[in-house]
**Q** 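Before anything else, here's the structure in question.
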Amino acid sequence: MGMKADIRLIDDNGLRIDGRLPNQLRPIRMEVGVVKRADGSAYVEWGGNKIMAAVYGPREAYPKHVQDPNRAIVRARYNMASFSVDERKRPGPDRRSIELSKVISEALTSVIFVEKFPRTAIDVYIEVLQADAGTRVAGITAASLALADAGIPMRDLIVGCAAGKVDGVVVLDLNKEEDNYGEADVPMAILPRTGEIALLQMDGDMTYEELTNAMEMAMEAAREIYRMEIEALKGRYGGDVNE
Ligand code: UDP
């Protein structure tokens with residue numbers, strides 16, 4: 001964010017470098033039930049991102065001292081494959097992935113009926129195979145599908161979506177160049193039906209009015225992504241999805 005370069009991110013027609021309108025999402029494809037050994041899984045392609053999510057549990061939490069007698073603990077692990085980015089990513093957790101894992105765990109905890117499963121752990125593995133900005137929100141979306149696939153009771157499906165600002169324009173769903181050279185990025189996790197926000201971060205700077213516009217844009221897109229989630233689950237379960 002913020003490294004102002006000589007490239008223009010919005011052209012004379014108001015279009016972005018990949019030809020999108022300011023409020024247009026990148027193409028998104030979702031597939032549910034892709035890993036046999038997991039209790040639930042999903043694969044999401046979102047623009048240049050390719051992300052797998054696998055869920056295990058609820059199962060008895062180990063080591064025992066991490067157990068909570070009143071609820072399940074949700075342990076999300078966000079991991080970027082070494083080959084997922086231009087410059088080889090050093091394998092293993094770094095500061096960024098540890099922080100992302102923590103905030104994603106908290107966002108998912110807020111939608112899962114964790115009180116139903118005392119002393120258990122729900123493990124959510126998010127593997128970024130190819131990254132092109134917006135991996136945390138695409139990862140949250142994949143995790144939500146994998147949790148639903150695992151049959152874990154949730155208040156609602158959760159949707160990740162980002163908006164931000166590039167060349168002075170509020171835009172939806174930033175790609176890599178926009179993330180690198182734009183002014184702001186605001187990743188969010190949203191429950192579209194109730195309008196609740198389970199995660200909100202901001203990198204860069206913009207005015208209060210621009211921020212509220214960006215959030216509104218992400219909220220609207222989240223309703224569309226929510227419909228895609230329902231369709232992906234129907235594709236797997238032949239229409240037997242509680243909407
Ligand atoms: N990125 C990278 N190496 C890293 C971390 C990130 O090349 O170690 C790239 C990757 O394409 C990622 C983008 O930078 O999607 C934006 O990263 P950010 O931290 O903003 O997270 P994201 O937008 O993916 O949630």
Side-chain angles (χ1 to χ4, degrees), residues 15-55 76-81 83-86 100 104 107-108 111 124-152 154 156-164 171-179 185 187-193 199 217-243:
L15 297 178
R16 298 155 69 178
I17 43 173
D18 55 12
R20 280 184 293 157
L21 294 164
N23 67 348
Q24 198 177 346
L25 286 166
R26 290 175 284 180
I28 300 176
R29 193 170 76 81
M30 302 172 182
E31 205 178 323
V32 175
V34 292
V35 180
K36 195 171 122 196
R37 282 185 221 300
D39 293 316
S41 60
Y43 175 65
V44 171
E45 286 184 359
W46 181 321
N49 296 310
K50 297 185 179 183
I51 299 178
M52 290 267 307
V55 168
R77 196 198 65 167
Y78 167 101
N79 182 55
M80 255 183 167
F83 52 80
S84 66
V85 289
D86 288 337
L100 287 182
I104 292 171
L108 298 177
V111 296
V124 183
Y125 297 94
I126 297 168
E127 296 290 330
V128 178
L129 307 176
Q130 191 174 290
D132 191 59
T135 57
R136 78 193 64 188
V137 293
I140 289 166
T141 304
S144 178
L145 288 170
L147 286 164
D149 185 39
I152 292 174
M154 291 185 280
D156 209 345
L157 291 168
I158 190 165
V159 171
C161 190
V171 297
L172 183 69
D173 185 24
L174 280 66
N175 64 28
K176 185 72 167 71
E177 288 74 22
E178 292 173 329
D179 185 278
D185 184 26
M188 297 172 66
I190 295 167
L191 281 74
R193 269 205 298 210
L199 173 75
M217 221 180 235
M219 192 59 84
E220 195 165 313
R223 290 192 274 269
E224 189 183 335
I225 300 163
Y226 183 84
R227 286 193 290 274
M228 293 182 207
E229 288 187 349
I230 298 283
E231 286 309 310
L233 289 163
K234 274 185 182 161
R236 170 121 169 108
Y237 294 106
D240 188 24
V241 176
N242 293 322
E243 281 184 55

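In this text the structure is predicted, and so the values were computed from the model without any measurement. One-based numbering along the sequence shown.
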**Q** State whether the side chain of Thr141 and the backbone N or O of Gly160 hold a donor-acceptor pair below 3.5 Å, judged by distance alone.
**A** yes
**Q** Are any of the side-chain heavy atoms of Glu224 and Ile28 separated by less than 4.5 Å?
**A**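 Contact flag for Glu224/Ile28 side chains = no.
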**Q** Any chance you could lay out the side-chain contact (heavy atoms from CB on, under 4.5 Å) test for Leu145 and Leu233, step after step, and finish with the verdict?
**A** CA-CA 7 Å; Leu145 288 170; Leu233 289 163; 3.9 Å; yes
**Q** Find out whether Asp156 and Val111 are in side-chain contact, i.e. whether some heavy atom of one side chain is under 4.5 Å from a heavy atom of the other.
**A**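 They are not in side-chain contact.
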**Q** Supply the atom-to-atom distance Leu108 CG to Ile126 CD1, rounded to the nearest 0.5 angstrom.
**A**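 Spacing of CG (Leu108) from CD1 (Ile126) equals 6.5 Å.
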**Q** How many angstroms lie between CG in Leu174 and CG in Asp185, if you round to the nearest 0.5 Å?
**A** 5.0 Å
**Q** Using modelled atom types only, decide if a donor and an acceptor are shared between the side chain of Glu127 and the backbone of Ala81 within a distance under 3.5 Å.
**A**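 No; judged by distance alone, with no hydrogens or angles, the pair does not exist.
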**Q** For residues Val35 and Met52, report the shortest heavy-atom separation together with the two atoms involved.
**A**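 Shortest heavy-atom contact: CG2-CE, 3.1 Å.
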**Q** Evaluate the side-chain proximity of Asp173 to Arg20: yes if any heavy-atom separation is below 4.5 Å, no if none is.
**A**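 A side-chain contact exists here, since the closest heavy-atom pair is under 4.5 Å.
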**Q** I'd like to check Phe83 versus Gln130 (side-chain heavy atoms, cut-off strictly below 4.5 Å). Are they in contact?
**A**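 The answer is no; the side chains never approach within 4.5 Å.
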**Q** What pairs with Glu220 under salt bridge (Lys or Arg N to Asp or Glu O under 4.0 Å), at least two apart in sequence or on another chain?
**A**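 Here no residue qualifies.
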**Q** Between Leu15 and Gly19, what is the shortest heavy-atom contact and its length?
**A**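 Heavy atoms of Leu15 and Gly19 come nearest at CD2-O, 3.9 Å.
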**Q** Which heavy-atom pair separates Met30 from Ala232 by the least distance, and what is that distance?
**A** CB-CB, 3.8 Å
**Q** What is the minimum heavy-atom distance between Ala148 and Met154, and which atoms define it?
**A** N-CE, 3.5 Å
**Q** For residues 132-152, pull every pair meeting salt bridge (Lys or Arg N to Asp or Glu O under 4.0 Å), keeping only residues two or more places apart or in separate chains.
**A** Arg26-Asp132, Asp149-Arg236
**Q** Taking side chain as C-beta onward, heavy atoms only, is Ile190 less than 4.5 Å from Ile225?
**A** no
**Q** Look at Asp86 together with Lys176 and state whether they make a salt bridge at an N to O cut-off of under 4.0 Å.
**A** no
**Q** For the CG atom of Leu129 and the OG1 atom of Thr135, what is their distance to the nearest 0.5 Å?
**A** 11.5 Å
**Q** Just verifying a value: how many Å separate Leu199 CG and Ile104 CD1, rounded to the nearest 0.5 Å?
**A** 7.5 Å
**Q** Going by the side-chain contact (heavy atoms from CB on, under 4.5 Å) test, name the single residue among Val159, Leu157, Ile158 that passes it with Pro192.
**A**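 Single side-chain contact (heavy atoms from CB on, under 4.5 Å) partner of Pro192 among Val159, Leu157, Ile158: Val159.
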**Q** Rounded at 0.5 Å granularity, tell me how far CG in Asp18 sits from CD in Glu178.
**A** 6.0 Å
**Q** Got a sec, which pairs hit ring-ring contact (aromatic ring centres under 6.0 Å, His included) with one end in residues 125-152, sequence neighbours left out?
**A** Tyr56-Tyr125
**Q** Provide the closest heavy-atom pair for Val34 versus Glu31 in the form atom of the first, atom of the second, distance.
**A**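 For Val34 versus Glu31, the nearest heavy atoms are CG1-OE2, 3.8 Å.
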**Q** So Ile51 and Trp46, side-chain contact (heavy atoms from CB on, under 4.5 Å) or not? Walk me through it.
**A** CA-CA 8 Å; Ile51 299 178; Trp46 181 321; over 6 Å; no
**Q** Does Asn49 form a side-chain contact (heavy atoms from CB on, under 4.5 Å) with Val128? I'd like the steps, not just the answer.
**A** CA-CA 8 Å; Asn49 296 310; Val128 178; 5.6 Å; no
**Q** Show the nearest heavy-atom pair for residues Ala221 and Cys161, with the distance to one decimal.
**A**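 So the two residues come closest at CB-SG, 3.9 Å.
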